[in-house]
Amino acid sequence: MFALVDCNSFYVSCERLFNPSLRTKPLIVLSNNDGCIISRSTEAKELGIPMGGAYFKVKKEFEAKGGVSVSSNYCLYQDVSQRVMRELEALAPQIEVYSIDEAFLCLKGFSSKELLAWGKKIKKTIYQNIGIPVSVGIAPTKVLAKMAGQIAKNNHLFNGVCFLESIVTQEKFMADFPIECLWGIGRKSALKLRSFNIKTALDFKNFSNTYLVQKTLTKTGRQIQDELRGISCLGLNAIQERKAITSTRSFGRGVYSLEELQEAIANYVTKAAEKLRQQQSCCKLLSLYIRTSPFQDTSQYSRYAHFEFPHPTNDTLKMIKCAHNVLKDIYRPGYKYQKAGVILSHLIQENQIQLDFFQQQENSKLIKSLDRINQQFGSLSIKSASCGTENKWRMKSEYKSKRYTTQWSEIAEVKCI
DNA sequence: TCTGGGGTCCTAGGACCC
DNA sequence: TCTGGGGTCCTAGGACCC
């Protein structure tokens with residue numbers, strides 16, 4: 001048996017945790033650059049605010065109806081997430097942290113009678129100890145547990161906990177479960193399945209042409225079908241090292257000059273390289289891209305290029321130099337650039353690097369000192385001069401809440417009146 | 001004027017080997 | 001004029017997730 005624990009409107013719930021005045025208002029959380037809507041309270045959903053929609057399109061109307069918008073605050077969300085996961089680890093024999101707001105639990109050793117009660121206990125404990133409301137779905141496979149989670153969240157009769165035990169119950173809900181809502185079936189796959197007259201999860205379960213499923217949806221689709229049939233294909237995944245680290249941002253305004261792009265790229269490399277060192281890895285390949293806005297009618301330009309290091313590295317300064325060389329190659333003047341990004345891949349553990357006769361000593365002492373200083377005095381306290389100081393291109397984040405739990409200077413205040 | 005960011009997995013097809 | 005068969009490895013691009 002698997003359980004899926006999913007935090008309800010996670011970012012919104014985090015914001016409400018430390019700002020009770022937001023608890024009764026329609027609330028939305030915006031993506032980076034205050035561009036899109038990425039989390040909505042129930043009240044905001046009822047006002048018809050679309051998930052993933054462009055903020056500027058709804059801003060006026062939403063505010064007129066008393067809605068409140070906040071910029072995303074990942075320091076806060078990450079920290080609250082870790083607290084939730086710690087609680088879950090104490091409650092279940094095995095856990096897979098699937099995303100910032102979700103975890104799968106493996107339920108060996110529970111009788112089916114105990115399972116529902118146990119699900120309710122999880123919900124209650126997380127709310128009591130952390131203050132975040134969650135939904136719990138329990139079923140024999142991961143895909144079914146995901147489905148149970150959806151049902152627990154949307155069907156009020158369940159009070160946030162749904163256990164799909166018997167095949168009869170599973171099929172009863174599958175019959176009303178649209179195919180596009182199934183975990184792993186996106187827009188494209190749903191269209192293909194609908195062309196075979198498969199409209200619900202139950203239709204998919206009963207579709208007998210497995211050859212066609214494999215052919216159109218590849219191995220992934222076949223596994224989903226098996227999981228619907230109660231055959232578990234997807235186990236609990238252990239935490240694994242990242243295979244790639246990316247840092248990409250849209251600009252707060254159009255960027256034209258090479259100098260500003262260089263600044264932005266230097267900042268992104270700095271960020272990505274820090275993450276790389278945190279997991280004690282080096283990278284062999286640095287990829288980089290710049291592009292104009294696809295939403296604008298002005299002439300478009302987009303380029304993607306790589307640099308392969310002769311020796312795997314995590315040295316920020318060396319990486320910035322190489323990135324700048326690549327950037328010079330792909331930069332063309334006269335365009336209004338909207339976004340740039342850096343991707344580090346072909347990662348390898350620091351202690352597994354193969355050295356050779358001619359390899360120069362890495363500048364590791366300097367980099368280690370930088371990391372230590374930044375850890376103590378805050379991110380980017382000391383950085384390469386190429387990162388610039390003004391950063392006029394920097395993304396917008398106009399309505400950001402405080403980092404209540406990770407920054408002493410921003411800690412929550414309690415006032416006695 | 002303003003439309004996010006960070007990931008994973010799978011497959012086809014190219015390049016190469018003997 | 002005729003030009004095989006069996007294999008591996010790598011990567012770009014597509015699709016999906018939250």
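All chains are named by letter (A, B, ...) in the order of the sequence lines, taking the proteins before the strands, and each is independently numbered beginning at 1. Side chains included, hydrogens not; waters and symmetry mates left out as well; all remaining heavy atoms used.
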Answer with base, sugar-phosphate or nothing: what part of the nucleic acid does A/K339 contact at a heavy-atom distance below 4.0 Å? sugar-phosphate

Expected output is a numbered-order residue list: members of residues 176-187 of chain A with a heavy atom under 4.0 Å from any atom of DNA chain C. What is it? A/L182, A/W183, A/G184, A/I185, A/G186, A/R187

Under 4.0 angstrom, heavy atoms only, what part of the nucleic acid is A/R249 near: base, sugar-phosphate, or nothing? sugar-phosphate

Between A/Q223 and A/D34, the residue closer to the 5' end of DNA chain B by nearest nucleotide is A/D34

Name the nucleic acid region contacted by A/Q296, choosing base, sugar-phosphate or nothing; use a 4.0 angstrom heavy-atom cut-off, strictly under. sugar-phosphate

Compute the ring centroids of A/F173 and A/F158, then answer whether they are less than 6.0 Å apart. yes

Examine A/F204 together with A/F207 and report whether their ring centres are nearer than 6.0 Å. no

Would A/K142 pass as a cation-pi partner of A/F104, given that its NZ or CZ must be under 6.0 Å from the six-membered ring centre and within 45 degrees of the axis? yes

Please work out which residues in residues 210-219 of chain A have a non-hydrogen atom less than 4.0 Å from an atom of DNA chain C and list them by number. none

Phosphate oxygens OP1/OP2 of B/dC10: is one of them under 4.0 Å from a side-chain N or O of A/R222? no

Just to be sure I understand the rule, does A/S72 reach a base, reach only the sugar-phosphate, or reach nothing, if contact means heavy atoms closer than 4.0 Å? nothing

For DNA chain C, write out the stems as range with range, using runs of 3 or more consecutive Watson-Crick or G-U pairs with both distances under 3.5 Å. B:5-18 with C:5-18

Does the side chain of A/T298 come within less than 4.5 Å of A/T292's, by heavy atoms? no

Classify the ring geometry between A/Y98 and A/W183 as parallel (under 30°), tilted (30 to 60°) or perpendicular (over 60°). perpendicular

Mind calculating the distance between NZ (A/K192) and P (C/dC16) to the nearest angstrom? 7 Å

Would you mind classifying the nucleic acid contact of A/S293 as base, sugar-phosphate or nothing, using non-hydrogen atoms under 4.0 angstrom? nothing

Would you mind reading off the distance between A/I38 atom CD1 and B/dG5 atom P, rounded to a whole angstrom? 10 Å

Heavy atoms from C-beta onward define the side chain here; which of B/dG4, C/dC18, B/dG6 lies closest to that of A/K275? B/dG6

Apply salt bridge (charged side-chain N to carboxylate O under 4.0 Å, His left out) to the pair A/R194 and A/E180, showing each step before the final yes or no. CA-CA 9 Å; A/R194 280 194 176 264; A/E180 41 278 291; 2.9 Å; yes

Nearest to side-chain heavy atoms of A/K57, which nucleotide of C/dA12, B/dC9, B/dT3: B/dT3

A/F295 or A/S247: which one's nearest nucleotide on DNA chain B is closer to the 5' end? A/F295

Would you call the rings of A/Y268 and A/W393 parallel, tilted or perpendicular, where under 30° means parallel and over 60° means perpendicular? perpendicular

Between C1' of B/dC9 and NZ of A/K142, the distance in whole Å: 13 Å

From the options B/dG6, B/dC2, C/dC18, select the nucleotide whose nearest atom is closest to the side chain of A/S99. C/dC18

B/dG6, B/dT8, B/dG5: which one has an atom nearest the side-chain heavy atoms of A/A244? B/dT8

In whole angstrom, give the distance that lies between atom CD1 of A/I100 and atom C1' of B/dG7. 13 Å

At under 4.0 Å between heavy atoms, what does A/Y98 touch on the DNA or RNA strands: base, sugar-phosphate, or nothing? sugar-phosphate

Quick one: which of B/dG4, B/dC10, B/dG6 gets closest to the side chain of A/T220? B/dC10

In this structure, how many angstroms lie between the P atom of B/dG6 and the CG atom of A/N32, rounded? 7 Å

Figure out the CD1/P separation between A/I224 and B/dC9, and round it to whole Å. 14 Å

From the candidates B/dT3, C/dA15, B/dT8, the one with an atom nearest any side-chain atom of A/K188 is C/dA15

